[in-house]
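We're numbering straight along the sequence, starting at 1. Computation of the quantities below employed the complete heavy-atom set of this structure, encompassing side-chain atoms and omitting hydrogens, waters and symmetry-equivalent molecules.
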Amino acid sequence: MFQMPVFKPGVKVIAGSRQETVSHVVLRRREMMVYLVGKEDPVKPERLSLVPTWFTTTRRPEALNWYL
């Protein structure tokens, strides 16, 4: 298992001393840029604080949540 921050729409991040919400993420020229709700300019992910999410590289089948 390993951890890494996951920037996706709706995630709360800390930018400086303020809490912001991620609008969308763009990969451009091998660089990730994070756009925040209400802001026009993108932010590099290194300037944002986000609690890392735990991941695993093994496959785990998901539970069936619906019936035929």
Side-chain angles (χ1 to χ4, degrees):
M1 293 189 66
F2 59 96
Q3 6 171 326
M4 66 182 238
V6 178
F7 296 97
K8 60 184 180 179
V11 170
K12 303 288 185 194
V13 296
I14 303 296
S17 60
R18 296 186 324 244
Q19 183 176 11
E20 302 280 351
T21 304
V22 174
S23 171
H24 59 285
V25 178
V26 175
L27 294 173
R28 185 180 304 149
R29 296 184 185 154
R30 297 184 184 183
E31 190 171 40
M32 182 167 66
M33 300 303 285
V34 180
Y35 286 83
L36 303 174
V37 172
K39 310 285 184 186
E40 289 186 25
D41 297 327
V43 179
K44 290 187 176 189
E46 300 86 38
R47 299 185 67 200
L48 300 172
S49 296
L50 175 64
V51 176
T53 302
W54 283 96
F55 287 91
T56 182
T57 56
T58 59
R59 286 186 157 214
R60 292 185 288 178
E62 294 183 22
L64 185 61
N65 294 328
W66 53 273
Y67 298 95
L68 296 175

Can you give me every donor-acceptor pair (side chain of residues 14-21, partner residue at least two apart or in another chain, under 3.5 Å) with its distance?
residue : atom : partner : partner atom : Å
R18     : NE   : E20     : OE2          : 3.1
R18     : NH2  : E20     : OE2          : 3.1
T21     : OG1  : K12     : NZ           : 3.0

Point to revise | Single-linkage hydrophobic cluster V43~Y35, side-chain heavy atoms < 4.5 angstrom | key: no
Point to revise | Side-chain heavy-atom pair V11, L50 within 4.5 angstrom cut-off | key: yes
Review point. Is L48 linked to M32 within one hydrophobic cluster, defined over Ile, Leu, Val, Met, Phe, Trp and Tyr using a side-chain heavy-atom separation of less than 4.5 Å?
Key: yes
Exercise for review: Can you sort out the partners of F7 under ring pair (Phe, Tyr, Trp, His ring centres under 6.0 Å), two or more places apart, ordered by chain and number?
Suggested key: none
Study note, to complete from the structure: So CG of D41 and CG of L36: to nearest 0.5 Å the spacing works out to 10.0 Å
Study note, to complete from the structure: Those residues at least two apart in sequence (or on a different chain) that pass side-chain contact (heavy atoms from CB on, under 4.5 Å) with F55 are F2, M4, V6, T53
Check your understanding: For the atom pair CH2 (W54) and CD (Q3), what is the distance rounded to the nearest 0.5 Å?
Key -> 4.0 Å
**Study point:** Residue pair V37 / S23: nearest heavy atoms and the distance that separates them
**Key:** N-CB, 3.8 Å
Practice item. Hey, could you give me the CE/NE2 distance between M33 and H24, rounded to the nearest 0.5 Å? Key: 10.5 Å
Practice item. Kindly compute the distance separating CD (E31) from NZ (K44), expressed to the nearest 0.5 Å. Key: 4.5 Å
